[in-house]
Amino acid sequence: MATANLHARVHATTVIGRRVLAPGVIVTTLEAPELARATRPGQYLMAIPPAASSAATALAIYEAEGKLASILFFITGRRTRELSELREGDRLDVLGPLGNGFDCSGGARDVAIVAGGVGIASVLLCARTLLGGGARVRLFYGARTRELLVDAQRFADAGCELIVTTDDGTLGRRGYVTDALAGAPAPETIYACGPSPMLRSVARVAAERGVRAQLSLEETFGCGVGGCWGCVVPISARSAQAPSFPPPELGGSDVLYARICKEGPVFWADELRW
Amino acid sequence: MVTLPKIAVTLGKLELAYPTLMGSGCYGSGEEYAPFADLGRIGAIVLKSVTRLPRLGNATPRLVHTPAGMLNAIGLQNPGIDWYLARELHKYAGRPCKIVGSVAGFSVDDYSYLCERLAARDEIAAVELNVSCPNVASEGETFGCDPALTSKVVRAARATTDKTLIVKLSPNVTDIVTVAREAEAAGADALAVINTVRGMAIDVETWRPRLGNITGGLSGPAIRPIAVLAVYEIAQAVGIPIIGQGGIENLTDALEFFLAGASAISIGTANFTDPRIPERISAELQDYLARRDLASLDEIVGKANFALSTADQYEGDEG
């Protein structure tokens, strides 16, 4: 979590594949060699709208390998619907890779990854990196219902131990994924991406168990590159991710708003003041 | 060799190689956009407004996307002028485009104090007075909504610097032309027309406002016709150049503003769609002028044929 956007630029990509993982859940694969090469776990891109004018869309980079990068997203509105309609051969310009992603360098041997819903899109590269380093990786994966637990097998195939939950009990344990996390043996460190209530629970569980957690936050983005200060989260002024600001005795504060797009999207749970 | 039409513009003493400014609060310091846009092909970056004291900014959420635009309520988050001058401003030096500082105050004295300190710096080519921020709890926008107060603020700031002074006007007034006239009379070199339009959105599931600040400022194509009208009316009333802004996304949008009377344009929200839009507009503008054998952008500023009524057109058709 250090030097965001050093390798970012505009990439003209071509769609080379599209998978429908579940109703309204799409993986679009892009030929984007330089983007794929530069991407680190937990980074995202801004997709420039291919058709009608509207703001660019922030999307987690799901896979990045060889010449290919992919995005996994849920259709939630006009902009994601437009992106879901891209087919093989279509062009898509993107800005990326963006943001400070997960720090996988801690050397932990036993880690937990917690993903909720579309949060799964941010953690595949993280899981692979950690597994590649020889760590035991338990994936706590929750969704509303069975069919929205997309691509779980992919994580199992990669070597993750899966613990799944659904809100309706159609697969795995019924209830919240964070309850499963709380009831399991404590890992050395936690990585998480999902809706804010889930991330708050992860932060609480991590604090209770004395484990540090990295959280990938989601918020409505404006520019997505740090220009507008629209996507912020309160953070300890002592955090390395806090913005440049005077100390409290000079009119500053112990808590400052950091940009999720630029200083994040990944933050240490114990540094957030939300 | 074919001479390309001239699109460089001069606003007061501010000479811009391209007629495009990046709207305050939309473009950071320029560093954020440098990987994605050619800063050598834009006119100027208007920096985020700085205030006398540090401001933490508004509670979240600060942004909501709306049909054809977005609402924001950032709340002038900034480290205050002392920290800004000591720790931030030097980073903006050496950009291939001009840097325009922006100041926001809560008293007449704030504006003159901030303007004097900012304008004294070599990095800063011009100063924009933000008398129209709709997103601060106290009277930030009051200055721009009151012609007499606008006049006082501009006069006070004018006394502190010879650099180009731009006054950014609020559309949230009964009569924007009167405010524009006062700003000109008080010594403004140019007018930025318009800031965001006040707005609001409510989440019908939670019954709560969708912005932490409850109200916000609307930008994007949704406000473009409001902005074009403001430019048109102000252009009839003042002699200083106008920077047209409000939902400009492409050449057509930009041309509307030039034809209405803007000498330059400012691009804000469209950078969130594609950071290459400003340089694309400049390139296409040059082509547009060349196709019409026009030597300069000046030749279209304010040249919409406002005299042509529908009745005239009807007669013409019959003839």
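Just so it is clear, the model here is predicted, and its values are computed rather than measured. A note on names: the letters A, B, ... follow the listed sequences, proteins ahead of strands, and every chain is numbered from 1.
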**Student:** For chain B, which of A:Gly77, A:Gly252, A:Gly251 has the most heavy-atom pairs under 4.5 Å?
**Tutor:** A:Gly251
**Student:** Where do A:Pro246 and B:Pro54 come nearest, in terms of heavy atoms and distance?
**Tutor:**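 Minimum heavy-atom separation between A:Pro246 and B:Pro54: CG-CG, 3.6 Å.
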**Student:** Taking every non-hydrogen pair under 4.5 Å, which of A:Ala8, A:Gly224, A:Gly230 racks up the most with chain B?
**Tutor:** A:Gly230
**Student:** Considering only heavy atoms from C-beta outward, does the side chain of A:Phe221 approach that of B:Leu63 to under 4.5 Å?
**Tutor:**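 A:Phe221 does not reach B:Leu63 side chain to side chain.
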**Student:** First locate atom CZ of A:Arg79, then atom NE2 of B:His65, and finally report the distance between them rounded to the nearest 0.5 Å.
**Tutor:**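 Separation between the atoms: 4.0 Å.
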**Student:** Ignoring hydrogens, what is the shortest heavy-atom contact between A:Pro243 and B:Gln77? Give both atom names and the distance.
**Tutor:** CG-NE2, 4.3 Å
**Student:** Between B:Phe36 and chain A, with a heavy-atom cut-off of 4.5 Å, which part of the residue counts as in contact: side chain, backbone, both or neither?
**Tutor:**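 Both backbone and side chain of B:Phe36 come within 4.5 Å of chain A.
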**Student:** Test side chain to side chain contact (heavy atoms under 4.5 Å, CB included) on B:Thr60 and A:Val232; report intermediate values, then the result.
**Tutor:** CA-CA 7 Å; B:Thr60 60; A:Val232 294; 3.5 Å; yes
**Student:** Should B:Glu32 and A:Cys223 count as side-chain neighbours, where that means a heavy-atom distance under 4.5 Å?
**Tutor:**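 They are not in contact (no side-chain heavy atoms under 4.5 Å apart), so the answer is no.
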**Student:** Measure across A:Tyr257 and B:Arg62 and return the closest heavy-atom pair with its distance rounded to 0.1 Å.
**Tutor:** CD1-NH2, 3.1 Å
**Student:** Take a 6.0 Å sphere around CD of B:Glu205 and say whether it holds more than 12 heavy atoms from other residues, nucleotides or ligands.
**Tutor:** no
**Student:** Taking atom CZ of A:Arg81 as the centre, does the number of heavy atoms from other residues, nucleotides or ligands within less than 6.0 Å exceed 12?
**Tutor:** no
**Student:** Measure the SG-CD1 distance between A:Cys228 and B:Ile74 for me, rounded to the nearest 0.5 Å.
**Tutor:** 5.5 Å
**Student:** If I measure from the heavy atoms of chain A, does B:Leu56 come under 4.5 Å with its side chain, its backbone, both, or neither?
**Tutor:**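 For B:Leu56, the contact with chain A is made by backbone and side chain together.
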**Student:** Where do A:Pro247 and B:Trp83 come nearest, in terms of heavy atoms and distance?
**Tutor:**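 Scanning both residues, the minimum pair turns out to be CD-CZ3, 3.7 Å.
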**Student:** Apply side chain to side chain contact (heavy atoms under 4.5 Å, CB included) to residues A:Thr220 and B:Met70 and explain how you reach the verdict.
**Tutor:** CA-CA 11 Å; A:Thr220 302; B:Met70 64 188 293; over 6 Å; no
**Student:** Using heavy-atom distances under 4.5 Å, tell me whether A:Ile260 contacts chain B through its side chain, its backbone, both, or neither.
**Tutor:**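 For A:Ile260, neither part sits under 4.5 Å from chain B.
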**Student:** For the pair B:Thr273 (side chain) and A:Ala56 (backbone), establish whether a donor and an acceptor sit closer than 3.5 Å, ignoring hydrogens and angles.
**Tutor:** no
**Student:** Does any heavy atom of chain A fall under 4.5 Å from the side chain of B:Asn78, the backbone, both, or neither of them?
**Tutor:**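 Just its backbone gets close to chain A.
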**Student:** Rounded to the nearest 0.5 Å, how far does CG of A:Leu250 lie from CG of B:Asp82?
**Tutor:** 8.0 Å
**Student:** Say you draw a straight line from CD1 of A:Ile48 to CG of B:Asp274; how long is it, rounded to the nearest 0.5 Å?
**Tutor:**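 Rounded to the nearest 0.5 Å, the CD1-CG separation comes to 3.5 Å.
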**Student:** Top residue by heavy-atom pair count (under 4.5 Å) with chain A, among B:Gly220, B:Ala37, B:Gly69, B:Ala59?
**Tutor:**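 Top count of heavy-atom pairs under 4.5 Å with chain A: B:Ala59.
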**Student:** So how far is it from B:Arg87 CZ to A:Phe245 CZ, rounded to the nearest 0.5 Å?
**Tutor:**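 Between B:Arg87 CZ and A:Phe245 CZ, I get 13.0 Å after rounding to 0.5 Å.
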**Student:** If you count heavy-atom pairs within less than 4.5 Å of chain B, which of A:Ala47, A:Gly226, A:Pro234 leads?
**Tutor:** A:Gly226
